[in-house]
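Notes follow the structure.
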Amino acid sequence: MNHTRRRAAVGWIALLSIPILSWAQVADDSREKTEKVSDVLSALQAEPGKRIADIGAGEGFCSRRIARAVGPTGRVAAVDVSEKDLEKLRARVQQDKVTNVDVVVGAVDDPHLPQDTFDAVLIYNAYHEMTTPEPILKAIFMALKPGGRLVMSEPLHDNVRSATRAEQVKDHEIGPNFVQQELQAAGFEVIEQRPDFLAFTSPGHKGGFWLMIARKPG
């Protein structure tokens with residue numbers, strides 16, 4: 001083995017010796033900086049004592065950060081239809097000693113949230129995957145307190161902005177024009193839109209994530 005290969009081998013051995021959870025933490029910290037998490041929390045008005053639901057929570061990246069923001073007097077409902085993802089979420093919150101997250105197994109047409117309970121709801125990069133958006137939005141509307149917020153952020157490439165909803169969803173994205181119409185049909189007031197919230201950074205990909213804030217009247 002020459003010196004270059006030997007140094008590479010030693011490097012790989014050192015990397016492989018780092019615990020998996022450490023790698024997860026490094027990845028999470030990087031995402032927190034690049035995905036404007038603080039802006040999402042601000043849009044949610046995630047403050048101590050608030051009750052917030054994260055629908056489409058996956059493995060809990062956003063849920064754990066919301067939990068930190070609302071503190072021990074607040075609570076987070078982390079909702080997903082994937083038991084596999086929720087198992088990883090449970091393991092991570094236990095590892096991180098997060099005690100104010102309630103894991104909820106949702107259905108494709110119902111997030112299973114109690115009525116008039118939440119100050120805010122987040123759907124981050126998940127709405128385009130929901131096959132029954134109308135009953136989901138209705139359930140969220142009922143779960144929010146009067147004046148409660150729904151914050152949504154979804155990806156959209158520039159080259160599909162004029163495509164149909166079905167065509168966009170097939171590519172795992174959706175435009176704010178469709179979402180605004182659906183929110184208003186469900187009874188929400190759209191109070192803020194940020195069409196250029198987060199630009200894609202991959203070469204050749206033009207577009208990015210938009211963010212929208214809606215409100216339950218009252």
Side-chain angles (χ1 to χ4, degrees), residues 21-80 85 88-89 92-104 111 113 117-129 140 143-145 147-157 173-176 179-180 183 188-202 205-216:
L21 281 174
S22 295
W23 278 114
Q25 186 62 54
V26 169
D28 272 10
D29 290 346
S30 177
R31 283 187 63 188
E32 188 166 347
K33 295 174 182 176
T34 59
E35 296 186 24
K36 296 187 177 180
V37 171
S38 61
D39 288 16
V40 174
L41 295 174
S42 177
L44 288 166
Q45 296 182 335
E47 300 161 351
K50 293 287 187 73
R51 295 181 66 90
I52 297 177
D54 179 14
I55 299 180
E59 297 177 16
F61 171 77
C62 290
S63 299
R64 288 180 282 114
R65 280 146 185 82
I66 298 169
R68 185 191 308 157
V70 300
T73 60
R75 294 208 71 80
V76 177
V79 184
D80 207 283
D85 284 345
K88 293 179 181 178
L89 190 156
R92 189 59 188 272
V93 296
Q94 184 176 6
Q95 174 71 28
D96 293 348
K97 295 181 173 57
V98 178
T99 60
N100 60 340
V101 173
D102 301 312
V103 176
V104 180
L113 297 174
T117 300
F118 294 92
D119 299 289
V121 171
L122 173 66
I123 302 178
Y124 183 81
N125 196 17
Y127 187 71
H128 64 269
E129 300 288 353
I140 292 171
L144 283 168
K145 299 174 183 177
R149 290 184 161 206
L150 170 57
V151 176
M152 300 178 67
S153 185
E154 295 288 325
L156 184 67
H157 285 83
E173 50 194 326
I174 190 169
V179 176
Q180 180 176 359
L183 287 172
F188 287 96
E189 298 173 349
V190 175
I191 60 175
E192 186 178 346
Q193 296 194 53
R194 304 178 195 176
D196 303 312
F197 176 64
L198 183 65
F200 293 139
T201 57
S202 299
H205 291 265
K206 294 184 178 180
F209 279 75
W210 52 263
L211 184 140
M212 188 177 298
I213 305 173
R215 177 180 174 271
K216 177 179 178 178

Original post:
Which heavy atom of V151 sits nearest a heavy atom of A43, and at what distance?
Top reply: CG2-O, 3.6 Å
Original post:
Given side chains that start at C-beta, do those of M212 and R194 come closer than 4.5 Å, heavy atoms only?
Top reply: no
**OP:** Taking all heavy atoms of L89 and all of S63, pick out the closest pair and write down the distance.
**Re:** CD1-OG, 4.5 Å
Original post:
Less than 4.5 Å apart, any side-chain heavy atom of I213 and any of V190?
Top reply: no
Subject >> L198 side chain near E35 side chain, heavy-atom distance below 4.5 Å >> reply: yes
**OP:** For the pair K216 (side chain) and L144 (backbone), establish whether a donor and an acceptor sit closer than 3.5 Å, ignoring hydrogens and angles.
**Re:** yes
Original post:
So, do L41 and I66 sit near enough that their side-chain heavy atoms are less than 4.5 Å apart?
Top reply: yes
Original post:
Any donor-acceptor pair under 3.5 Å linking the side chain of R68 with the backbone of R64?
Top reply: no
Subject >> Those residues that, when tested against K36, pass side chain to side chain donor-acceptor pair (under 3.5 Å) (two or more places apart) >> reply: none
**OP:** Could you tell me whether the side chain of H128 reaches within less than 4.5 Å of the side chain of E173, counting heavy atoms only?
**Re:** no
Subject >> Basic-acidic side-chain contact under 4.0 Å: D119, R149 >> reply: no
Original post:
Between F209 and Y124, how do the two ring planes meet: parallel, tilted or perpendicular, split at 30° and 60°?
Top reply: parallel
Original post:
Heavy-atom distance under 4.5 Å between the side chains of V121 and I52, does that happen here?
Top reply: no
